[in-house]
Amino acid sequence: EDEPTMVLRLKFLNDTERLARVRPGDTVGALKRAYFPGQEHQVRLIYQGQLLRDDSQSLAGLQLAPHSVLHCHIAQHGPAPAPAGPRASADPVHAALNVGSLMLPLLVLLLALLWYFQLQYRHVFTATATTFLAGLTLLFSFMAFTMYRR
């Protein structure tokens, strides 16, 4: 089976480039193994802004043209291995109390409660406190928008 080869450009974060000679039938994983031996789990390949997650995907399936640019990021530490079994975390306490997922609803509740008190007990809130509450609400809204916009 004499499949034609094509050249791809592997571009790194420091703007250096490396040429890779591949066949369209090769997979993303085979490319990583051939050009990054021993580092294939640390290498992230990006094509047209999309992270190539599936190592079993063929290069032909990506519809790469000759001399296409694949951006390469090599992590300093390999990704954590996927846990075996149904448990999402090895630490049962951390798995049961995932505080990170509770932060957004907790902050929304706290801001809503503060606004309720500001409206109900206006005489207790000074102009400075109301301004600070408005600024905090704007900051939180901006942060939530930028985090969940992706």
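Treat the numbers as computed from the prediction; the structure is a model and nothing was measured. Numbers here simply count residues along the sequence, with the first being 1.
Here M143 sits in one hydrophobic cluster together with L139; the rule is ILVMFWY side chains under 4.5 Å apart, joined directly or through other members. L13 belongs to no hydrophobic cluster, as no Ile, Leu, Val, Met, Phe, Trp or Tyr side chain comes under 4.5 Å of its own. The hydrophobic cluster around I46 extends to L51, counting ILVMFWY residues whose side-chain heavy atoms fall within less than 4.5 Å of a member. Other members of the hydrophobic cluster containing V22, listed by chain and number, are M6, L8, L10, F12, V28, L31, Y35, F36, V43, L45, Y47, L52, L59, L62, L64, L70, I74; membership follows side-chain contacts under 4.5 Å among ILVMFWY residues, whether direct or relayed.
There is a path of hydrophobic side-chain contacts, each under 4.5 Å, that joins F117 to V124. Neither L138 nor F145 shares a network with the other; the hydrophobic side chains, linked directly or stepwise wherever heavy atoms of I, L, V, M, F, W or Y lie under 4.5 Å apart, form separate groups for each.
Pairs of residues two or more places apart, or lying in two chains, that qualify as side chain to side chain donor-acceptor pair (under 3.5 Å) and include a residue from residues 122-131 are Q118-T130. Annotation: side chain to side chain donor-acceptor pair (under 3.5 Å) contacts involving residues 49-58, sequence neighbours excluded, comprise K32-D55, D54-S56. Among pairs with a residue in residues 6-22, those fulfilling side chain to side chain donor-acceptor pair (under 3.5 Å) read R9-E17, N14-T16, at least two apart in sequence or across chains.
The closest donor-acceptor contact from the side chain of E40 to the backbone of G38 lies under 3.5 Å.
In terms of the side chain to side chain donor-acceptor pair (under 3.5 Å) criterion, residue partners of T137 (sequence neighbours excluded) are, by chain and number, W115.
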